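Written below as structure tokens is the structure these notes are about.
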Amino acid sequence: MERYDPSTIEAKWQRVWHDEHTWEVSNEPDPRPKGYVLEMLPYTSGEPHIGHLKNYALGDAIAHFWRRTGHRVLHPMGYDAFGLPAENHAIKTGQHPRESTEASIAQFRKDFRSWGISIDWTREFGTHEPRYYRWTQWIFLRLFEQGLAYRKEAAVKWCPNDQTVLANEQVIDGRCERCGFEVEARQLEQWFFRITEYADRLLEDMGRIEWPRHVVTMQENWIGRSEGAEVTFRCEELGIDYPVFTTRPDTLFGATFFVMAPEHPDVFRLNDSPEVHAYVNHALTESVEERGSEHKKKTGVPLGRTVTNPVTGEQIPMFVADYVLMEYGTGAIMAVPAHDERDFEFAQQFGLEIRRVVEPAAGEPAAEDEAFLGHGENERLINSDGFDGMSAPEAMKAITASLEERGLGRPAVSYRLRDWLLSRQRYWGCPIPILYCDSCGMLPVPDDQLPVELPDVHDYAPKGRSPLAAAEDWVNTTCPKCGGEARRETDTMDTFVDSAWYFLRYCDPNNDQAPFDREVLKRWMPVDQYIGGVEHAILHLLYARFFVKALADMGYLDVQEPFARLFTQGMILRDGDKMSKSKGNVVSPMAIVDRYGADTARCYILFIGPPEKDADWSDSGVGGVHRFLSRLWTAAHEAPEGPLEPDGEPTPLLRKAHWATDRVNRDMQANFGFNTAIAAVMELVNEVYRRRETSPASHVRFAIATAGSLIFPFAPHLGAEVYESMTGRRVWEQPWPEADPALLATDEFQLVVQMNGKLIDRIAAPTAASRDQLEEIARGSGKLAARLNGRQIVKAIVVPGKLVNFVVR
RNA sequence: GCCCGGGUGGUGGAAUCUGGUCAGACACUGGGGGCUUAAACCCCCCUGCUCCUCGAGGGCGUGUGGGUUCGAAUCCCACCCCGGGCACCA
């Protein structure tokens, strides 16, 4: 007996799609509405895992659905190829990162093809290819020209043993994660993108895109906009003004001391003692975790200086303490212990004055052993000369205004968002196209000399400087301005730069005059549906939004937001745990594909549950989906001969086919309801088995063809196979099926009869019946009479098409 | 601590937006039957708990406790638990 054999079927259709370039799409004008479906590009280290399968199965379902509902669909693929894992691999094995990366890309490409994902392969690229990163460099230069890429000194962690800069994550308890040496803080020149300049627009424009609420919230929190005031505190002894940012200008009268971050450049100027040096050095080398802990006991050292509180005129003492962060605000704070938990703690530690200036609303108790944080309409000011009795919000405005008059303050906004540090002292990344000439200074590499190609080196190990510094021939070059000697920038770019614009390049991937053509972009951007893991909710998505806004401002493109709609998929778990090699619970997608076929693998992963939620992998569940597809194939194989179009009176099977079409349509248009869509097709196939003996051949054939057509976005090979065997046609060339409303409606329905909200009977009733008629029918229920037991019907609630509820007393 | 999600059978989930068919689609697992020399595959049936007079019977059931309503898994309030994100941001 012949059986469903996915390997033959899948190879057959993949061959057709490949040979006929089925999924390629042209950039030429086209009257159909466009649809740009994009899954986040894979990061090519190692092999595809089950999360990739889910990601691309999701996107492919959307792409197929849109194609068959009349859209011209762009569904491209590429690889995020630069980055640390390939480089670390190179350090270990000596293999060039390009080799391991390209081996990985080859694996991904092969797998995507064997999964039957409908990709326009003519647009494929890796971000490590010069033809791509040439334009990454070009964009960098445009940002540089705009002052949006700049260099400044920043504090970094430095391991004196390994001679390298460490990422914050590589510092464990103040020590190098690799060699255990105590880490030092160093000020080094680093490259930044001025993303903070876009903070407000990144915040506001979230209103223009359809993203999951939690992702929007995460970005909002990350940007962290706070309104308040900048207030100047003057150190009279040194004649220096120190501005601070505060969200609580209403508490200014309660500012009884002043604290600076250890990184503040003026600390040693204020106090050069060994004690201060020791404290600062300790603070700087502390691990992020250590220093970041809210629960840590407050520490600090007095600086022996004072500043003037601008409203009270008091001299208040200055401290250096590590609970103040250099990166936020001005790196110094006014401390109001009565109304800030951290300041309160510090004041207690150091025996400083705690002066309450905001009173709790009448009737509310005022705890003495903690800071009072209230600042609503009901909280009123005290001990604040000239502002007493004002509500906190009033006082914020009034005090700020009065400071502004005296030139000692102004309203201000502060963000938690920091500029994007993009330089990496690493080999496997996009070179930063900048030169340093002794006579001309820092210069951009001229556009016509791009790309600055990554040279081959033999030693990838980090040495404090980028491994590129060792490539003397490459580093030493001539100055494009004066023709003298110049040196290249040896840092490379953060991988996130590469992926901040790749979706633009897909639109115009072979353009060698520009990164993309503005007119071509108009035909595709924005991405209509972006799909990926929630782990990129902040960085990647924020960076991409920033790039698009900056490029739009420069006139290179016409959208403000890259991703109109975003879908974040949940993870596939195993026994409630993340899959990981160390746990030994990894399910390889290829193992599933080999055993059951790509269609089963794809369908199962979509059937397992709502795609946005995490889902637990189940081996037996896969078998169930395979059984379903197999039943569909067998039904087609055994289908009776007959006409293509259903003839004669509607039968239950015909109605079921229309019902399933309707269900799938709703689920596709709603929010990725793929699990229920597949369930509806399962019901249809079950119905075929139940009714194929008793239904007209044309109805059986129609039902099977419909099942093939509906399952196509999820199981494209089998869908195509089944549809072709029923109709002789190619399913992807056929429009998406529409349910016939006449076949969805029925003449009769099961009228539910309730008594006090409890179901007691069901009676067949005409769909067209009026409310009164329905009530009549329900009153006729024998069960009702039996249950009434002499009680009275007080009221009848009629819900047409559904039920009649009798309220009985 | 703050901000998001989420708690439904032995299991994954459906119904939650828009309150309305004894909640439980679809599937897994389990049970029974058929096919087979046998097993696998496949096909069909049953499968929330519980009580009994075993029936087109009764009761109980969507984390807990309240509330709104003719009617609540669905709406509101409080609480408990689980998952995720952020966390000295002045």
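These numbers were taken from a predicted model, which means no experiment stands behind them. Chain naming here is simple, since letters A, B, ... match the order of the sequence lines and numbering starts at 1 in each.
Separation of the C1' atoms belonging to B:C3 and B:G59 is 43 Å when rounded to the nearest angstrom. Nucleotides B:G83 and B:C28 place their P atoms 30 Å apart, quoted to the nearest Å. Taking atom C1' in both B:G66 and B:A14, the straight-line distance is 28 Å, to the nearest Å. Between B:C70 and B:C77, the two C1' atoms lie 23 Å apart (nearest whole Å). Annotation: B:A39 and B:C45 have their C1' atoms spaced 22 Å apart (nearest Å). On the C1' atoms, B:A73 is 15 Å away from B:U21, given to the nearest whole Å. Rounded to whole Å, the separation between the C1' atoms of B:C26 and B:G9 comes to 15 Å.
Near RNA chain B, meaning a heavy atom under 4.0 Å away, the residues from residues 796-806 of chain A are A:I797, A:V799, A:K802, A:L803, A:N805. Applying a 4.0 Å cut-off to non-hydrogen atoms, the residues of residues 217-230 of chain A that approach RNA chain B are A:T217, A:M218, A:S226, listed by residue number.
At a threshold of 4.0 angstrom between heavy atoms, the contacts of A:Y415 with the nucleic acid are absent.
Annotation: side chain to side chain donor-acceptor pair (under 3.5 Å) contacts of A:E227 (sequence neighbours excluded): A:R225.
Between A:F714 and A:F607, a ring centre-to-centre spacing not shorter than 6.0 Å is recorded.
A:E220 places no side-chain N or O within 3.5 Å of a backbone atom of A:L203 that could act as its donor or acceptor partner. For A:E379 (side chain) and A:G376 (main-chain N/O), a donor-acceptor pair under 3.5 Å exists by modelled atom type.
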